[in-house]
Each structure stands twice: as structure tokens, then as C-alpha cells.
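Hydrogens, waters and symmetry mates play no part in the numbers below; they use all other heavy atoms, side chains included. By convention in this document, chain letters (A, B, ...) are assigned in the order of the sequence lines, proteins followed by strands, and residues within each chain are numbered from 1. Every value quoted in this text rests on a predicted model; they were computed, and no experiment measured them.
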Amino acid sequence: MPSIGFDSAKVPPITSVNDLLRPEYNGKVALNGDPTQAGAAFSGVLMVALSQGGSVDDVAPGVEFFRKLRAAGNFLPVDPTPATVESGQTPVVIDWNYLNAAETAKLPAWQIVVPPNAVVAGYYYQAINKDAPHPAAARLWQEFLYSDEGQNLFAAGGVRPVRADQMMLAGTIDKAAVDKIPVIDGPVTVPSPDQTDKATEFLADNWAKAIG
Amino acid sequence: MVRRLREGLPLLPFLAVVVIFLIIPTVTVIVSSVYTDGVFSFDRIQALFSGTALSALAKSVLLSGSTAIIGAVLGAVLAWLIVSSPPSSMVRRAVISLCSVLAQFGGVALAFAFLATVGLNGVLTLWVQQVFGWNLAGSGWLYSLTGLILVYTYFQIPLMVIVFVPALEGLRDQWREAAVSLGASTFRYWREVAVPLLTPAFLGSALLLFANAFAAYATAAALVSQGSPILPLLIRAALTSEVVLGQAGFAYALALEMIVVVAVVMVAYNALVKRTARWLR
């Protein structure tokens with residue numbers, strides 16, 4: 001799920017999306033990629049849209065928020081990487097929670113917030129190329145990804161595995177790893193492929209205008 | 001006939017290179033922009049007239065045009081200053097070597113140099129902020145079109161110097177002496193002899209600068225990560241997006257648009273040079 005990561009040694013603590021508009025965050029808020037290109041940024045915009053009264057069918061409030069963020073001079077049009085986070089160039093980063101969590105391991109002051117009123121989950125899809133020279137090998141790889149072992153590796157990376165619920169019932173999940181993933185109470189929004197298509201169409205037409 | 005063939009033989013490798021690296025890619029771009037996966041359609045060409053694509057085109061032309069003009073004028077003045085010192089002078093040799101290096105200094109390294117200096121958290125920005133309290137980076141102008149113009153100019157001026165110095169060296173002293181001995185003032189010599197002689201070379205160099213900026217990708221890609229404001233970045237977005245799939249055809253259409261723009265500029269340049277160079281023949 002998308003989250004807001006911030007360096008608590010450099011900026012005041014963030015508790016909600018609206019905090020980002022405050023002058024303390026001038027030139028400090030970065031988004032991981034362009035939402036018309038990167039899945040992480042797309043989910044980030046969707047998260048912001050939900051926090052601003054939008055919905056998965058209406059991402060316009062999210063784009064409008066980033067326009068305000070840009071107008072306030074808070075939006076940092078830099079692609080955040082572990083290097084920019086560690087050097088302090090991007091003190092606030094909107095990114096997947098598991099990527100932000102990976103930063104905490106290197107930078108202890110790096111804290112992560114998942115705005116409680118705007119919880120979005122996104123899937124990364126797997127696909128097998130139908131012209132693949134060894135489709136059977138690709139299927140074996142996918143079987144591994146969805147096996148208990150593969151799913152626990154995802155959990156160890158800070159991602160909630162897609163089979164987590166069943167694995168908890170069966171008792172095969174890596175408890176230690178899952179306990180580190182933020183617990184979410186309340187509704188989680190997961191865009192369907194159709195909704196994703198509509199939202200990206202809107203972003204393709206409006207994102208560049210909003211932050212240009 | 002046989003002799004002609006034999007004379008043409010050494011040109012074959014050149015022809016092969018042109019076919020492989022110029023003609024095949026161009027034809028691929030043209031065909032793929034209207035015909036993909038067995039379907040013929042003008043949808044992708046039509047998509048070129050959407051708001052995002054048109055604004056990218058306008059910004060690309062503005063960026064390339066302005067940096068070509070700024071680079072050509074400043075570069076020509078610098079080249080003239082260099083040429084007025086003797087060929088053996090240390091300064092001249094140093095400046096020309098420096099220009100040869102800087103003209104190739106575009107790309108990620110240059111973008112990083114600017115980011116590290118006057119970016120939002122650049123060394124100079126932070127120092128000025130501390131000492132004078134001014135905010136050099138503003139709200140991130142370096143990451144917008146203004147920033148791109150400044151950064152592009154940085155490699156356009158040296159390129160102009162390299163390509164324009166030979167033209168200036170071609171101006172013979174005897175022509176100036178002849179003009180002066182016929183009673184021309186320095187101003188008149190420049191207006192009626194030097195400038196008309198240099199115009200085709202100047203326009204040609206400016207065109208080279210335009211094409212250089214128009215196709216430049218790495219510098220912009222390193223500076224701008226949001227919103228794909230110019231055509232090469234929009235092509236990147238169409239090719240590499242994780243969220244909008246199946247846009248490769250649109251990338252072909254954009255590439256075709258870029259070819260068309262450069263072709264239009266080439267034709268305009270040819271027409272101009274024909275007019276200005278008519279009396280040279």
C-alpha cells in the first residue's frame with residue numbers, strides 16, 4: 001500500500017496527507033515516479049485522492065492536491081531513490097510502504113505513515129509471454145511465487161502476500177515477518193483493472209498540466 | 001558502366017551503414033505509426049493532437065529553438081573572440097579544447113552537476129540560503145522548462161564554437177584588406193562582406209544546434225521525472241509505463257512527429273541558404 005515516509009530528524013512529524021501543504025515541507029515532498037508511468041506513484045496519487053474526498057473512480061481531487069502542492073512550492077519533482085533519501089535530498093517520499101520500510105533499516109530516523117482514511121492496495125500483476133521460448137519454466141516460476149515459500153519471501157520484504165489470509169489459517173505464514181507489516185483496520189481500496197484504466201486515462205491528460 | 005561500378009564500390013559500406021542505421025529505422029517508424037499487429041489505423045496519429053502531445057511538441061520546439069538561438073549567438077561571439085587571437089595563443093588552444101569537451105558534456109553528468117549546485121538541495125543553494133537568506137532554487141525552476149533551457153545552453157554554446165570557428169577562420173584577411181583599401185569602414189566590411197559570407201554557416205550551425213537539443217534525451221530525463229514535458233520524455237513514458245500499457249504505437253507516432261519537425265526545419269534551412277548563398281556561386 002502507498003505510504004508517506006519522512007525523515008523525522010529533518011522535518012516535523014506527518015500525520016495526514018493535508019500536513020504536506022504546510023510551509024515546513026517547502027521543496028521536500030517527492031513522489032516515487034510519474035503516475036502515468038510508475039505503479040507506485042499511481043497508487044500514491046490514488047491515496048491522496050481518497051484523502052481529499054475523491055474515490056477510486058474519481059482521482060481528480062488527488063491531481064488537484066498535487067497541483068496545490070506544486071503551487072505551494074512543496075512538491076519536489078525529483079525521482080526519489082535510496083541515495084536521495086539517505087543524502088537528505090528527498091526528506092518526504094510518497095512510495096509503497098515496503099520500499100519506505102526498507103529505508104528505515106538504513107536510516108533509523110525514517111518514519112512511515114499510512115494515512116488511515118486513505119488506504120490503497122495495489123497488485124503487481126504476473127504475466128507469461130505467450131511467445132516465451134520456455135513457457136513451462138515461466139509457469140514453474142509462478143508456482144514458486146505463489147507457494148508458501150515464495151509468499152513468505154514477499155512477507156519478509158515487507159509486502160503483504162496475496163495468499164496471506166489463507167496462509168494464516170493454515171499456519172504456514174512467517175509470523176515474524178508479517179508482524180512487521182503495518183496493520184490496517186478499516187476499508188482498503190483496491191482498484192479494479194477497469195478503474196485503473198480510467199484513472200490512468202485521466203492522469204495522462206491532466207497530470208502534466210497539474211505539475212508543469 | 002563497369003568503371004562506374006568500380007568507382008562506386010568503395011561507397012558500398014557507407015551505403016550499407018545508411019540503410020541499416022537511417023533508412024530502415026525511419027521506414028519502421030513511419031510504418032509502425034499507422035500499422036501495428038496487422039491493423040491499419042490513424043488513431044495514433046490522431047493522438048498526436050491531444051492536449052498533452054501538443055503541449056510537449058510546443059515545449060520541445062520552444063526549448064530547442066530558444067537554446068539554438070541563444071547558443072548560436074553567444075557561441076558565434078565567443079568563436080569570433082577566439083579567432084581574433086593568434087592560432088598559437090595558449091588561451092585560444094585552451095578554450096577550443098575546453099569547448100570540445102564541454103560540447104560532449106550533456107547528459108546525466110551535466111544534469112547532476114546542476115542539481116548538485118543549484119538544485120533544491122544544491123551546495124550553492126544551501127550556502128546562499130545560509131549566508132544571504134535568498135532562495136536560489138525557488139519552487140524548483142531547475143526541474144522545469146526554464147531549467148532545461150539553462151542546462152541545454154551549457155552544451156549548445158561550446159558546440160557552436162567548435163562548428164563555427166572553421167567558418168570564421170575561412171574569412172581571409174585579404175578580403176578585409178581589399179574592402180578597407182576600397183574605402184569601406186569596419187562596420188561596412190562586416191555588413192557587406194563578412195556577414196553575408198558567414199550567414200549560411202551560421203544558419204547551418206544553428207540548425208545543428210536545434211536538432212541537437214530536439215533529440216537530446218539523457219539531460220532532460222535526469223532533470224525532469226514528472227510530467228514528461230518534452231517529446232523525447234513523452235516517448236519514454238509511452239515505452240516504459242507500468243500503468244498505461246500498449247502505448248508503443250504512440251511512441252512510433254511521436255517519433256514520426258519528431259522526424260517531420262526536423263524535416264520541416266531542414267527544408268526551411270535549405271530555402272534560406274539558397275537565397276543567401278545565391279551570389280556565392
- prompt: What part of Leu142(B) lies closer than 4.5 angstrom to a heavy atom of chain A: side chain, backbone, both or neither?
  reply: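 The answer is neither part of Leu142(B).
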
- prompt: For Thr240(B), is it the side chain, the backbone, both or neither that has a heavy atom under 4.5 Å from a heavy atom of chain A?
  reply: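 Contact with chain A is through both the backbone and side chain of Thr240(B).
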
Flag the one option from [options] with the top tally of heavy-atom pairs under 4.5 Å to chain B.
{"options": "Leu76(A), Leu31(A), Asp34(A)", "value": "Asp34(A)"}
{"options": "Gly88(A), Ser87(A), Gly33(A)", "value": "Gly33(A)"}
{"options": "Asp79(A), Thr90(A), Leu203(A)", "value": "Asp79(A)"}

- request: Report yes if the distance between the aromatic ring centroids of Trp207(A) and Phe66(A) is under 6.0 Å, otherwise no.
  value: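 Yes; Phe66(A) has its ring centre under 6.0 Å from that of Trp207(A).
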
query: For Arg160(A) and Asp165(A), what are the C-alpha separation, side-chain angles and deciding distance, and is it a salt bridge (charged side-chain N to carboxylate O under 4.0 Å, His left out)?
result: CA-CA 10 Å; Arg160(A) 191 181 168 80; Asp165(A) 291 345; 3.0 Å; yes

- request: Answer with side chain, backbone, both or neither: which region of Ala199(A) has an atom nearer than 4.5 Å to a non-hydrogen atom of chain B?
  value: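 Looking at Ala199(A), nothing touches chain B.
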
Parallel, tilted or perpendicular: rings of Phe40(B) and Tyr35(B) (30°, 60°):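 Ring orientation of Tyr35(B) relative to Phe40(B): tilted.
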
- prompt: Ion pair present between Glu201(A) and Lys198(A), side-chain N to carboxylate O less than 4.0 angstrom?
  reply: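 No, Glu201(A) and Lys198(A) are not salt-bridged.
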
query: Taking atom types as modelled, is there a side-chain donor on Ser3(A) or Asn100(A) under 3.5 Å from an acceptor on the other?
result: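 Result is yes, a qualifying pair exists.
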
